[in-house]
Amino acid sequence: MSKTLIRGARVLGGEPQDVLIDGAVVAAVGTGLDTEGVDTVVEADGKVLLPGLVDLHTHLREPGREDSETVLTGTRAAAKGGYTQVFAMANTFPVADTAGVVEQVYRLGQEHGYCDVQPIGAVTVGLEGEKLAELGAMHESAAGVTVFSDDGKCVHDAVIMRRALEYVKAFGGVVAQHAQEPRLTEGAQMNEGVVSAELGLGGWPAVAEESIIARDVLLAEHVGSRVHICHLSTAGSVEIVRWAKSRGIDVTAEVTPHHLLLTDEMVRSYNPVYKVNPPLRTERDVMALREALADGTIDIVATDHAPHPHEDKDCEWAAAAMGMVGLETALSVVQETMVETGLLDWAGVADRMSAAPARIGRAKGHGRPVAVGEPANLTLVDTAYRGGVDPAGFASRSRNTPYEGRELPGRVTHTWLRGKATYSDGKLA
């Protein structure tokens with residue numbers, strides 16, 4: 001049982017304090033803590049100490065697409081980004097729609113140890129939207145699945161969605177919906193608007209997202225169950241969620257870092273790195289998303305880390321895969337868009353990127369306060385740092401980042417998972 005002293009850290013952005021880790025827990029928080037018996041001293045020099053980040057929306061690709069990512073490489077990327085737990089989406093090959101597949105992913109996470117991996121189970125068999133998957137069996141499995149999603153595809157059938165909400169209610173689970181009305185997005189390539197009209201690319205209308213969210217919050221109200229909205233991206237969606245919460249409907253929502261920063265103007269370059277689902281929206285949408293994250297209408301930031309091999313992005317726009325990697329840059333983007341704009345303080349960041357996602361996903365031991373007796377799941381951030389993004393240094397197996405060469409603030413210097421340093425001074429454990 002080793003001891004680590006983090007000296008002079010600004011816990012949640014407050015005044016500098018010392019934090020002592022003893023084994024897997026936080027043993028002391030204060031000033032001038034004694035170094036006697038301490039194995040490692042980390043000089044924090046005013047860096048910000050946060051609870052370990054939790055990502056409710058990660059694509060690890062294993063099993064089936066190990067050319068894009070594996071549980072090992074994805075959790076290494078998570079550790080570099082300050083994450084101590086990620087929820088792995090179900091759109092693998094085979095699909096994570098049975099107890100056997102979710103247990104495989106869960107055990108791979110346990111073997112590699114860079115962060116905890118909680119599998120998300122598919123809502124429907126094969127993500128086909130026609131028949132409910134083994135929701136109960138996945139929940140009762142060793143993986144203990146509590147979040148279910150067909151992400152990448154929408155549960156478009158209202159009857160199937162209702163049945164899923166009814167089923168997970170029995171054990172306190174949640175359905176995480178990819179809100180995309182399929183008929184309204186056939187052939188869509190980017191956000192429907194002025195830019196799509198000028199470029200001649202098929203438009204992806206905001207109403208395709210908003211109509212599904214409106215339907216599903218009403219279904220959740222009718223059933224009395226929990227629904228979570230994945231990667232919310234439009235100002236209209238914000239208003240629907242705000243209305244639903246005002247009625248007491250049990251709905252939560254997430255926004256991605258890229259939807260907080262980038263707009264559909266980026267698509268003018270025809271660079272497929274900006275092709276993502278849902279698409280980049282307008283400046284008005286971006287500002288609405290930031291305000292909604294600040295006021296709590298949007299509950300969390302989730303990366304939607306979507307790795308792709310080089311050949312799936314280095315091609316013409318129409319043929320390119322949708323998605324961006326995000327685990328290693330998420331905190332920096334949130335610092336730029338939310339902290340440096342004054343919309344959130346670091347305590348707010350800890351809530352939106354750790355406590356709230358852990359609460360939605362029923363994650364045990366994560367999202368906890370930096371306090372005596374709590375699990376030592378922590379991340380230390382040098383908020384004064386500024387530097388260009390170099391994907392060559394990513395731990396992820398894929399490099400499809402929209403931020404290559406862009407200067408972003410802040411960098412994670414250390415991550416601890418139950419007291420063990422998984423990432424330290426630029427090096428993975």
*Report yes if some heavy atom in the side chain of Val241 is under 4.5 Å from a heavy atom in the side chain of Ile298; otherwise report no.*
no
*Between Asp45 and Arg7, does at least one N-O distance fall below 4.0 Å, as a salt bridge requires?*
no
_Considering all heavy atoms, the nearest Glu103-Ala143 contact_ = CG-N, 4.2 Å
*Which atom of His305 lies closest to which atom of Leu327, heavy atoms considered*: ND1-N, 3.4 Å
_Lys/Arg N to Asp/Glu carboxylate O, Arg418 vs Glu374, below 4.0 Å_ = no
_Arg61 with Glu69: basic N within carboxylate O range, under 4.0 Å_ = no
*Inspect the contact between Arg183 and Glu186 and indicate whether a charged nitrogen and a carboxylate oxygen are less than 4.0 angstrom apart.*
yes
*Which salt bridge (charged side-chain N to carboxylate O under 4.0 Å, His left out) pairs, counting each pair once, include a residue from residues 289-298, with sequence neighbours left out?*
Arg242-Asp295
*Measure across Pro309 and Ser398 and return the closest heavy-atom pair with its distance rounded to 0.1 Å.*
N-OG, 3.9 Å
*asked:* When you compare the side chains of His366 and Thr84, does any donor N or O come within less than 3.5 Å of an acceptor on the partner?
replied: yes
*asked:* Can you confirm whether the side chains of Gln85 and Asp55 place a donor and an acceptor under 3.5 Å from each other?
replied: no
_Per the side-chain hydrogen bond (donor to acceptor under 3.5 Å, both in side chains) rule, what does the pair list look like for residues 342-355, sequence neighbours excluded?_
none
*Between Asp150 and Thr124, do the side chains contain an N or O donor and an N or O acceptor separated by less than 3.5 Å?*
yes
*Qualifying side-chain hydrogen bond (donor to acceptor under 3.5 Å, both in side chains) pairs with a residue from residues 199-221, counting only residues at least two apart or across chains*: Gln177-Asp216, Glu209-Ser233, Glu209-Ser237, Glu210-Thr234, Glu221-Arg247
*asked:* Taking Arg268 first and then Glu198, would you say they form a salt bridge - that is, a charged N and a carboxylate O separated by under 4.0 Å?
replied: yes
Which atom pairs, one a donor and one an acceptor, fall under 3.5 Å between side chains of residues 421-429 and the rest of the protein, sequence neighbours left out?
residue : atom : partner : partner atom : Å
Thr422  : OG1  : Thr415  : O            : 3.2
Ser424  : OG   : His414  : NE2          : 3.4

_Test of understanding: with ring pair (Phe, Tyr, Trp, His ring centres under 6.0 Å), list the residues that count as partners of His231, not counting sequence neighbours._
His57, His178
*Under the 3.5 angstrom rule, does the side chain of Asp390 hit a backbone N or O of Glu404 as a donor-acceptor pair?*
no
*In terms of side-chain geometry, is the basic nitrogen of Arg65 or Glu62 positioned less than 4.0 Å from the acidic oxygen of its partner?*
no
*By ring pair (Phe, Tyr, Trp, His ring centres under 6.0 Å), which residues pair with His156, not counting sequence neighbours?*
none
*Is there side-chain contact between Met353 and Tyr83, with at least one heavy-atom pair below 4.5 Å?*
yes
*Verify whether one side chain among Asp151 and His59 offers a donor that lies under 3.5 Å from an acceptor in the other.*
yes
*Closest approach of Ile6 and Leu378, non-hydrogen atoms and distance?*
CD1-CD1, 4.2 Å
